[in-house]
Amino acid sequence: ISPRYPLVELLTAGCFLLCGVRYGISIETVLFCAFSAVLVAVAFIDIDTQEIPDRFHFIILGLGIAALFLVPEVGWISRLVGAACISVPMLVIALATDGFGIGDVKLMAVSGFLLGWKNIVFAALAGAVLAAVCALVLIALKRKTKKDKIAFGPYLAIALFTAALFGDTIVSAYLSLFSL
């Protein structure tokens, strides 16, 4: 058995545990456990293929639609803005420069619909910073060059999971720094 299989299982179990600790016995736990399982799959598939299959986007969209009714605290306007505010600029960049894959754009659109605009903005920033730091480390270690492409999905997956669990707290803490 490849060591990757137990790693994926342990990582998914760890995500489920964190969801349970964060949300307790609730519908949010179920939604975000499913979201985290999809994100783990997306991360590993993107590492291997640099593509994110559409079936994962449809699953996340389904979670977002369910959340509309089950978790009404994030309103539909926040969800619609979340679906567009990061994915539209990413799409423009992807089409103009090939700087993002279309799978990354779709991932951010459906995740923005699930999480709302504040959390998706946080996730986009956190994912970009995480990817940049890791890319610099890989370049410094001579495992990648500046011209090599890296899969962005794993970094987005980490940031999206963080946003799902702690995004509201992190965004509120950040914004409170500016309210005197």
Side-chain angles (χ1 to χ4, degrees), residues 1-74 79 82-83 86-87 101 103-116 118-135 137-138 141 143 150-173:
I1 297 175
S2 166
R4 181 172 177 159
Y5 294 114
L7 173 65
V8 168
E9 298 299 329
L10 285 171
L11 185 58
T12 304
C15 289
F16 284 17
L17 178 65
L18 288 172
C19 288
V21 168
R22 170 66 176 90
Y23 291 107
I25 299 174
S26 68
I27 195 64
E28 287 95 341
T29 299
V30 175
L31 285 170
F32 291 126
C33 281
F35 185 50
S36 68
V38 170
L39 292 175
V40 170
V42 161
F44 282 95
I45 289 171
D46 199 26
I47 288 169
D48 289 345
T49 66
Q50 292 201 346
E51 291 186 14
I52 301 172
D54 282 337
R55 66 182 169 267
F56 297 114
H57 303 125
F58 289 121
I59 294 168
I60 296 171
L61 179 60
L63 293 172
I65 292 168
L68 267 172
F69 302 101
L70 300 173
V71 188
E73 294 83 22
V74 179
R79 292 179 191 282
I86 297 300
S87 62
D104 299 326
V105 174
K106 293 176 190 176
L107 177 64
M108 293 305 279
V110 294
S111 296
F113 187 74
L114 174 63
L115 299 174
K118 289 180 184 176
N119 285 336
I120 203 66
V121 169
F122 164 74
L125 178 63
V129 169
L130 184 59
V133 168
C134 290
V137 169
L138 290 171
L141 295 174
R143 295 188 64 200
I150 63 165
F152 193 33
Y155 306 104
L156 290 177
I158 293 167
L160 288 165
F161 182 67
T162 303
L165 294 185
F166 308 112
D168 290 332
T169 304
I170 293 168
V171 170
S172 294

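In this chain, residues are counted from 1 in sequence order. Nothing here was measured: the structure is a model prediction, and the numbers come from that model.
Sorted by first then second residue, the side chain to side chain donor-acceptor pair (under 3.5 Å) pairs that include residues 39-59, not counting sequence neighbours, are Arg4-Asp48, Asp54-His57, Asp54-Lys106.
Here the CZ atom belonging to Phe113 is positioned 12.0 Å from the OG atom belonging to Ser87, to the nearest 0.5 angstrom. Taken from CG in Asn119 to CZ in Phe166, the straight-line distance is 12.0 Å, to the nearest 0.5 Å. For the atom pair CE (Met108) and CG (Leu115), the distance works out to 8.5 Å, reported to the nearest 0.5 Å. Considering CD1 of Ile52 and CG of Leu156, their distance stands at 7.0 Å, rounded to 0.5 Å. From Leu39, atom CG reaches atom CD1 of Ile60 across 5.5 Å, with rounding to the nearest 0.5 Å.
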### Task
Could you walk me through whether Leu160 and Leu107 pass side chain to side chain contact (heavy atoms under 4.5 Å, CB included), step by step?
CA-CA 10 Å; Leu160 288 165; Leu107 177 64; 3.9 Å; yes
### Message
Does Phe44 form a side chain to side chain contact (heavy atoms under 4.5 Å, CB included) with Leu11? I'd like the steps, not just the answer.
### Response
CA-CA 11 Å; Phe44 282 95; Leu11 185 58; 3.8 Å; yes
### Audit row: Thr162, Phe122, side chain to side chain contact (heavy atoms under 4.5 Å, CB included) steps and yes/no
CA-CA 9 Å; Thr162 303; Phe122 164 74; 4.0 Å; yes
### Query
Can you list the steps and then say if Leu165 with Tyr23 is a side chain to side chain contact (heavy atoms under 4.5 Å, CB included)?
CA-CA 8 Å; Leu165 294 185; Tyr23 291 107; 3.8 Å; yes
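For the pair Cys19 and Phe35, the minimum side-chain heavy-atom distance is 4.5 Å or more.
Here the side chain of Thr29 pairs a donor or acceptor atom with the backbone of Gly24 at under 3.5 angstrom. Within the 3.5 Å criterion, the main-chain N or O of Thr169 finds no donor-acceptor partner in the side chain of Ser172. No side-chain donor-acceptor contact under 3.5 Å links Arg79 to the backbone of Gly116.
Remark: Leu141 CG is packed, more than 12 non-hydrogen atoms of other residues, nucleotides or ligands lying under 6.0 Å away.
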